[in-house]
Amino acid sequence: MTDPTWKQPPDEDGGYDAIKGFAYQFDATLLEVFENPRSNFEVEGVQDLSGENYHIQIKSRSGNFYLSVIAKAVRLMFKQFLMSDDSVSFILHCHFPDQTPGTVRQLTLEEFDKLLTDDLSTVDEEDKKKFLKIFSVKFSSDYETQFKKVLKVITAELSTKDQLEAVSYHAILHAHLRSLVLTNPPGLRRVNLETLRKAIRSAQSVIFTSTYADHCGYAKYLKMVRRNYTSRRVNVRNLERVFSFECDEATDPEEIVVAALAIRDRYYIPENSPPPYITFRGLFDDEAIRRALWDAEAYFNDGRGYHGGTFNLEYLVNPPIRGFGLKIVDQMELPDLVARARVKEFHDLFSNSKCDVPEAVPVANHVYLRAYGDFFDVVK
């Protein structure tokens, strides 16, 4: 008699499953991160999600369960097992309408052999048995139930005020995971609880900025910004800070000078608070900005010594000659600087699009400006 689990599954709506599958996978990823707050994970690497001691494939299907439906995922995990050691486990996290959530299923050797294609059928039987000992199929709840669970966890862990804010945070975290996958190669798509919290903080800053400017008026918004950034030295903490300026061909170097001087006067306090770092991004005349800074006596250290020598990060972080109130760092040097100088604050000054903040920086602020002259004009 034919095993019913080996029937060819009926035709399904592939597009519907694909779209819902990504959402289901991201929600399962969020739950895993929240439930393991001290762990680091990789998203969409060799598997859908990888922890420190296990790898997970995440699938959601609208049709009933058949072994043939999970064959591709099982083979993918088995191939990875053959290239690694047996110190990690492999989990197929999946939902099928006819399977009870919470059920864990093991495969028999006979079932497993039926899943293998010709290129795997000759693998030593002992390796197959080893894999089956560390592999399991875990049936989980459906998309709607899992979504509600994620919202409850977000509410508890991120202290949201209500359901609406939890839904907003959920959208932000999905966007963060999607960006992580689209903008980073495999191996660099890292996520943990702190990076999720940071994604929320960053989004809050941008949302607040745009909302305040749109609904309260740009003039009132600027008063708030100036109060936060240009008031004189009041309780300035001893921290390493980076200020990133979005520039283009129309950027006025003189406005950058005024901004840089205001930042210097606010944050650089000898023997108490270090000179802030400034960096520029976009298409602009870098030499014109540097020349304007020097002409205005906004003297800076850029890690190159005199007359544009070879860049040395150590000269920038621990300059042999002190007294400069500003430090300029090239955009490409930011990752090394953040790691070496232990930067604690990153301030993104933008007119068109905000920039990504290095993951290691705990505090990020995004400030929208129509022009840098607006930012640092004297408040009337």
Side-chain angles (χ1 to χ4, degrees), residues 22-23 25-56 58 88 91 93 146-147 149-161 165-209 237-244 277 279 317 331 333-348 354-367:
F22 282 118
Q25 178 181 330
F26 282 168
D27 278 350
T29 296
L30 291 176
L31 285 175
E32 199 70 26
V33 174
F34 279 116
E35 290 170 1
N36 298 274
R38 298 183 179 179
S39 298
N40 295 305
F41 296 89
E42 181 181 2
V43 181
E44 284 289 343
V46 290
Q47 302 295 338
D48 291 339
L49 183 65
S50 296
E52 294 168 3
N53 298 306
Y54 56 94
H55 300 288
I56 303 177
I58 304 169
V88 297
I91 302 166
H93 173 110
Q146 181 175 257
F147 172 67
K149 184 177 180 181
V150 173
L151 291 185
K152 287 183 179 179
V153 173
I154 288 175
T155 298
E157 297 296 329
L158 300 180
S159 302
T160 62
K161 296 189 294 288
E165 188 170 56
V167 172
S168 174
Y169 282 14
H170 177 267
I172 291 169
L173 294 177
H174 266 230
H176 173 69
L177 293 177
R178 184 167 57 251
S179 175
L180 197 66
V181 172
L182 294 177
T183 60
N184 294 282
L188 295 180
R189 299 165 181 169
R190 302 289 182 179
V191 65
N192 55 38
L193 182 55
E194 182 53 34
T195 61
L196 294 184
R197 292 184 186 278
K198 184 177 177 181
I200 294 295
R201 291 195 298 267
S202 178
Q204 285 175 323
S205 176
V206 174
I207 292 170
F208 174 77
T209 295
R237 299 176 63 193
N238 182 11
L239 299 174
E240 296 286 5
R241 299 174 176 86
V242 172
F243 291 80
S244 176
Y277 293 91
T279 188
V317 176
Q331 188 79 6
E333 306 293 345
L334 274 179
D336 289 339
L337 172 72
V338 166
R340 176 67 179 79
R342 297 183 180 180
V343 174
K344 299 299 183 184
E345 292 183 7
F346 191 100
H347 302 269
D348 169 37
K354 71 182 184 70
C355 71
D356 292 329
V357 178
E359 288 188 1
V361 181
V363 177
N365 290 308
H366 300 273
V367 180

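All of these numbers come straight from a predicted model, not from anything done at the bench.
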task: Please assess Val363 against Lys344 for the test side chain to side chain contact (heavy atoms under 4.5 Å, CB included), listing each intermediate value before the final yes or no.
output: CA-CA 6 Å; Val363 177; Lys344 299 299 183 184; over 6 Å; no
Test side chain to side chain contact (heavy atoms under 4.5 Å, CB included) applied to Thr279 and Leu337, step by step: CA-CA 11 Å; Thr279 188; Leu337 172 72; over 6 Å; no
message: Phe41 vs Asn36, test: side chain to side chain contact (heavy atoms under 4.5 Å, CB included). Steps then yes/no.
response: CA-CA 10 Å; Phe41 296 89; Asn36 298 274; 3.8 Å; yes
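For the atom pair OG of Ser50 and CZ of Arg189, the computed distance is 11.5 Å after rounding to the nearest 0.5 Å. Atom CG of Leu193 and atom OG of Ser39 lie 10.5 Å apart (nearest 0.5 Å). Rounding to the nearest 0.5 Å places CG of Leu30 at 9.0 Å from CD of Gln146. The line from CG of Asn184 to CD of Glu44 is 12.5 Å long, rounded to the nearest 0.5 Å. Separating the CD1 atom in Ile91 from the CD atom in Gln47 is a distance of 11.0 Å, to the nearest 0.5 Å. Atoms NZ and CZ, on Lys149 and Phe34 in that order, are 12.5 Å from each other to the nearest 0.5 Å.
The two atoms that bring Glu240 and Arg342 nearest to each other are CB-O, 4.2 Å, heavy atoms only. Residues Asp348 and Cys355 approach most closely at OD2-N, 3.0 Å, considering heavy atoms. When all heavy atoms are compared, the tightest approach of Ala360 to Val338 is CB-CG1, 3.7 Å. A pairwise comparison of heavy atoms in Leu239 and Arg241 identifies O-NH1, 3.3 Å as the closest pair. Listed here is the closest heavy atom pair of Ala166 and Thr155: CB-OG1, 3.5 Å.
A 4.5 Å side-chain heavy-atom check between Asp48 and Ile56 finds every atom pair outside the cut-off. Inter-residue side-chain proximity for His93 and Gln25 is flagged as unmet; no heavy-atom pair is nearer than 4.5 Å. Using a 4.5 Å heavy-atom cutoff, the side chains of Val150 and Val153 are not in contact. Using a 4.5 Å heavy-atom cutoff, the side chains of Val357 and His366 are in contact. The side-chain heavy atoms of Glu35 and Leu31, taken from C-beta on, include a pair separated by under 4.5 Å. Between Val367 and His347 there is no side-chain heavy-atom pair separated by less than 4.5 Å. In this structure the side chain of Val33 never reaches within 4.5 angstrom of the side chain of Leu49, judged on heavy atoms. Counting only heavy atoms from C-beta outward, the side chains of Val317 and Tyr277 approach each other to under 4.5 Å.
Under a 3.5 Å cut-off, the side chain of Lys198 and the backbone N or O of Val361 do form a donor-acceptor pair.
A side-chain contact (heavy atoms from CB on, under 4.5 Å) with Leu173 is found for one member of Leu196, Thr29, Val191 and no other, namely Leu196. Checked options Arg178, His170, His176; the residue passing with His174 is His170 (criterion: side-chain hydrogen bond (donor to acceptor under 3.5 Å, both in side chains)).
If you check the side chains of Glu32 and Tyr54, you find a donor sitting under 3.5 Å from an acceptor.
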